[in-house]
Amino acid sequence: MKKGDHLFLIDGSGYIFRAYHALPPLTRKSDGLPVGAVSGFCNMLWKLLKDARDTDVGVVPTHFAVIFDYSSQTFRKDIYPEYKANRTAPPEDLIPQFGLIRQATRAFDLPCIEKEGFEADDLIATYARQATEAGGDVTIVSSDKDLMQLVSPQVWMYDGMKDKQIAIPEVIEKWGVPPEKMIDLQSLTGDSTDNIPGIPGIGPKTAALLLEEYGDLDTLLARAGEIKQNKRRENIIAYADQTKIARQLVTLRTDVPVEVDLDAFVLEPQNGPKLISFLKAMEFTTLVRRVAEATDTDASAVEPCHVETEWGADARGPDLDLGTAPEVTGTDNIEPAAAVAGGKASDLVAWRTSQALAQKIDTSSYTCIRDLKLLESWLDEALEKGVMSFDTETNSLDPMQADLIGFSIALESGKVGYVPLQHKSGQDDLLGGGFVEGQIPFDAAIKALKVVLEDRSVLKIAQNMKYDWLIMRRYGVNIVSFDDTMLLSYVLDAGANAHGMDALAERWLGHKTIVYKDVAGTGKNAVTFDMVDLDKATAYAGEDADVTLRLWQVLKPRLIADGLTSVYERLERPLVAVLARMEERGISVDRQILSRLSGELAQAAAGYEEEIYELAGEKLNIASPKQLGDILFGKLNLPGGAKTKTGQWSTSAQVLEDLAAEGHELPRKIVDWRQLTKLKSTYTDALPGFINPQTKRVHTSYSMAATTTGRLSSSDPNLQNIPVRTSEGRKIRTAFVAEQGNRLISADYSQIELRVLAHVADIPQLKQAFADGIDIHAMTASEMFGVPVEGMPSEVRRRAKAINFGIIYGISAFGLANQLSISREEASQYIKTYFVRFPGIRDYMDATKEFAREHGYVETIFGRRAHYPEIKASNAQIRAFNERAAINAPIQGSAADIIRRAMVRMEDALDAAGLSARMLLQVHDELIFETPEEEVEKTIPVIRDIMENAAMPAVSLSVPLQVDARAAHNWDEAH
DNA sequence: GTCCGACCGTA
DNA sequence: TTACGGTCGGACG
């Protein structure tokens, strides 16, 4: 740097906030990413640089740098902890733009400067000093008054948004003092935006007057007694110390030990393709064209670069385990830019929604792709666009068994292709099941498809991606970079809408999808998809891809508009592959054990049947509640109590138990018979049928979008309801075994829902009890009934336990009375006592109900929403039910979120520890692993650590989480 | 063949 | 009193 050189310093952080508020909001059209500030920044930089390079008149930079704040932790906080303490978190749609603007800076080939502990202003002050000392001139691109103290004959400011120079006369005009007195002026007035205290009653005008009269701040303070106005004099004397602190805060440091030298700021010629690559990724089409012209670059030959977006910080604090959003690249042709430019996130949503409804779906327009060259051209286009929807067609709903019959892709709404691969000809064919002519050879098609599915720069959109992910895995394809419309809908509308494709198409596109039965037949006429003729298959499969892409266009922008991006990014999308791998691994189930159990159960049940017929006086179908009710309460005239809502006699276990307690023999036998036959039919007989013939293991299927609260559900088979409460039932668990040389590890959260309750409702006694690790139900009983924990009767503890659970479920006197078989009055009294002892619980319940009524949903501690559209129902029963569910959802849902977070982190943690344990199952608060015997000891602490710290750092719970873990040969012993 | 209610297994 | 899925019987077409 030498005389004649000119340094431009851009206040990047200041620009971000100013542009965000001053410029019309703008979102990237392909996915709704907010980019308004990025756009303003790029346009401004381009203008500055273009002038600099094109002309030899005016102010021309030779050196250029963009300066950012590193974080809010600076030396000023050490001087004055309240500094900027009034700042609120940035708006959600501004968050991803911080990182993008840094990437933009690098795309412009400009230095991107920040330093821990210092503000951008201090770095600017330091570099400005260095430059002027070397004889150069400086332009600071900012309009922040905090920087005006730096203005001098060699340094001036430039407001990039108003295109206005700020030199010494402009400072005097605006503030009434020259730049060198700005520090004194700001020390007197303070600054409410930075929470810097000033002297009450002194604003810029008075401050300027005083400085005019007394020269500077020190003189003013020394001679404050001479001030005539009483109030003003008193305040200046009283707050003199405060102004000295303020002076320290507003004075910019010119001695920051910077690491990058001024010489590194020398401006080089623009690298056109590099910049264009970034601008293309941002979809700034106008600027792309300008830059291309100015740098003589062929923009069409430039690939959009990958951009990383940070959805990390939200109102709940920063997070570390953040999956980055998939890189979405040029999709200029999804819709006209003009229609969305300048719109807010919510405008984009409204526009997309109306477009989606307006555009009709024509399933006859789809292309059946039967030629490899044609397929390759479609896939090339997908690579170019960076977005496509994708759907597999198979011959089974079980992804572990299904064969791939074909797949469909959509590149734009209506631009849809179906690729048949393994369709067979009709049953009339003498050879039976020969492949239909003119399908692309299977391996060649997969090979071509694999390139796109495994390319990170192409976003694959599917409805229920876990299924397609598993199918493709079986053909050696690892899908990366995807969105899932089912999960988008789930995050946005759990409890408010269904998330199946048919329902979503109806709701958002006003389109009724082709019914599968109409394509493949029904009942005994049903055929698998490989037997469907190609025209029908193309329409059906193509529609799925078409609908999926259109749904994504509507749903994805709603994430940002509703502030739900982090829920989707952290709790849903990363879990897809984790669950898919768990399903893929399966668990080993010992067929012999089940078979033996089944025999024993059959024998025992048969014995009961004889006795039951005897006692009933006739043969009947014991499994028929109708017949049972008629005999018990009609023929035998037992004192029947309850009726079901359809008017039938209730024969529930509760009713039968009550009768048994009165000494009746038959009801007891029926209860026992029911237990045996339930175990037999639901478990010992059904489970062997789920053993996969190839893997010899049982592969459950997890649904990520089945519950309102965020819990998973398991089906085919349901492995989340394997018996555990009775010793008979537990025998079933002994059939779930580890492979030779391995062990099963079961790790479960202890009392996680009560811990979450203690945290969210902020109950001191509960928190203390968990901190001390004491028996929570005994503590509750002791508080409520005044009984010491020492030697407490088990019945007292049992009641307290029922109440604790009742609280989590949104207690009612009716329900508690039922649960404990006590009167409504007594139950009501218990609840009253509970609320007296733990008043915070009632406050929490009232607040939650109120929140639900106001918003129509409730939230977990991680921001997941559960909707209760009927919370205001006029029917009191429906309303009360919704209120209880709304009270329960944040507790159950927060616990569900915590274990989801643990699962998302678990595989990497085990890998990093060099352990080979495989996560197999999740049962709401429990995770089951299989691991080599010799690794058990090392594995358990790793699992426990991940699970116990799963809420961190997004949420710091005020209660410790406790995980119990054990290893054994089978699930019964491990649990 | 399909749907729904009753019942019961889990957290 | 919360959240699920599976099995069965029985009614409907």
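Nothing here was measured: the structure is a model prediction, and the numbers come from that model. Just so it is clear: chains get the letters A, B, ... in the order the sequence lines come, proteins before strands, and each one is counted from 1.
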To the nearest 0.5 Å, tell me how far A:Tyr830 OH sits from A:Leu816 CG.
8.5 Å

A:Arg674 side chain N/O closer than 4.0 Å to the phosphate oxygens (OP1, OP2) of B:dC8?
yes

Enter the distance from A:Leu687:CG to A:Ser598:OG here, rounded to the nearest 0.5 Å.
11.0 Å

In whole Å, I'd like the distance from the NE2 atom of A:His924 to the C1' atom of B:dG9.
11 Å

Rounded to whole Å, the OH-C1' distance (A:Tyr702 to C:dG5) equals 13 Å

Whole angstrom is fine here: how far is it from CD in A:Gln819 over to C1' in C:dT2?
12 Å

Of the listed nucleotides B:dC8, B:dA6, B:dA11, the one nearest the side chain of A:His975
B:dA11

Could you go through A:Arg824 and A:Ser812, starting from their C-alpha distance and side-chain angles, then the distance that decides it, and tell me whether this counts as side chain to side chain donor-acceptor pair (under 3.5 Å)?
CA-CA 9 Å; A:Arg824 283 267 287 281; A:Ser812 78; over 6 Å; no

d(CD1, A:Ile811; C1', C:dT1) in whole Å
7 Å

Classify the nucleic acid contact of A:Phe805 as base, sugar-phosphate or nothing, counting any heavy atom under 4.0 Å across all strands shown.
nothing

Base, sugar-phosphate or nothing for A:Phe881? Non-hydrogen atoms, less than 4.0 Å.
sugar-phosphate

Would you indicate what A:Gln648 reaches in the nucleic acid, counting non-hydrogen atoms under 4.0 angstrom: base, sugar-phosphate, or nothing?
nothing

Would you kindly give the CH2-to-C1' distance between A:Trp649 and C:dG10, to the nearest whole Å?
20 Å

Considering only C:dT2, C:dG10, B:dT10, which nucleotide approaches the side chain of A:Ala885 most closely?
C:dT2

Nearest to the side chain of A:Phe814, heavy atoms from C-beta on, is which of C:dA11, C:dG6, C:dT1?
C:dT1

What's A:Thr522 touching, base or sugar-phosphate or nothing? Going by heavy atoms closer than 4.0 Å.
sugar-phosphate

Nearest-Å distance for atom pair CD1/P, residues A:Ile752 and B:dA11
14 Å

Below 4.0 angstrom from OP1 or OP2 of C:dA3, is there any side-chain N or O of A:Thr708?
no

Nearest to the side chain of A:Arg884 - C:dT1, B:dA6, C:dA3?
C:dT1

Candidate nucleotides C:dC8, B:dT2, C:dT1, ranked by approach to the side chain of A:Lys517 - the nearest
B:dT2

A:Val724 side-chain proximity, nearest of B:dA11, B:dC8, C:dA3
B:dA11

Which nucleotide in the set C:dG5, B:dT10, B:dC8 lies at the smallest distance from any side-chain heavy atom of A:Ser713?
C:dG5

Checking all strands, does A:Ala895 fall into the base, sugar-phosphate, or nothing category for heavy-atom contacts under 4.0 angstrom?
nothing

Quick check for you: among C:dT7, C:dG10, C:dT1, whose closest atom lies nearest to any side-chain atom of A:Ser624?
C:dG10

Give one of base, sugar-phosphate or nothing for A:Ala706, where a contact means two heavy atoms less than 4.0 Å apart.
sugar-phosphate

Contact under 4.0 Å: A:Arg711 side-chain N or O vs B:dA11 OP1/OP2:
no

Candidates B:dA11, B:dC8, C:dC8 - which lies nearest the side chain of A:Lys678
B:dC8

A:Glu572 and A:Arg864 ion-paired at < 4.0 Å
yes

Classify the nucleic acid contact of A:Gly810 as base, sugar-phosphate or nothing, counting any heavy atom under 4.0 Å across all strands shown.
nothing

Under 4.0 angstrom between A:Thr651 side-chain N/O and B:dC7 OP1 or OP2
yes

Under 4.0 Å between a side-chain N/O of A:Gln720 and OP1 or OP2 of C:dG6, yes or no?
no

Which nucleotide, C:dG10, C:dA3, B:dA11, lies nearest any side-chain atom of A:Gln627?
C:dG10

Taking NZ, NE, NH1 and NH2 as the nitrogens, is one of them in A:Glu665 or A:Arg668 under 4.0 Å from a carboxylate oxygen of the other?
no

Any A:Thr682 side-chain N or O less than 4.0 Å from OP1/OP2 of C:dT7:
no

May I ask you to verify whether the side chain of A:Asn718 and the base of C:dG5 hold a donor-acceptor pair under 3.5 Å?
no

Here the distance between atom P of B:dC8 and atom CG of A:Asp672, to the nearest Å, is 12 Å

Which pair of heavy atoms, one from A:Asn804 and one from A:Ile776, lies closest together, and at what distance?
ND2-O, 4.1 Å

Have a look at A:Ala813 and say if it touches a base, only the backbone sugar-phosphate, or nothing, with a 4.0 Å heavy-atom cut-off.
nothing

Using a heavy-atom cut-off of 4.0 Å across all strands, would you classify A:Asp716 as base, sugar-phosphate, or nothing?
sugar-phosphate

What is the separation between atom NZ on A:Lys643 and atom P on B:dC7, rounded to the nearest whole Å?
13 Å

How are the rings of A:Tyr857 and A:Phe851 set to each other: parallel, tilted or perpendicular (split at 30° and 60°)?
perpendicular

Under 4.0 Å between a side-chain N or O of A:Thr646 and OP1 or OP2 of B:dA6?
yes

Tell me whether the ring of A:Tyr809 lies stacked over the C:dT1 base, given a 5.5 Å limit on centroids and a 30° limit on the plane angle.
no

Would you indicate what A:Ile808 reaches in the nucleic acid, counting non-hydrogen atoms under 4.0 angstrom: base, sugar-phosphate, or nothing?
nothing

Are the aromatic ring centres of A:Phe736 and A:Trp971 under 6.0 angstrom apart?
yes

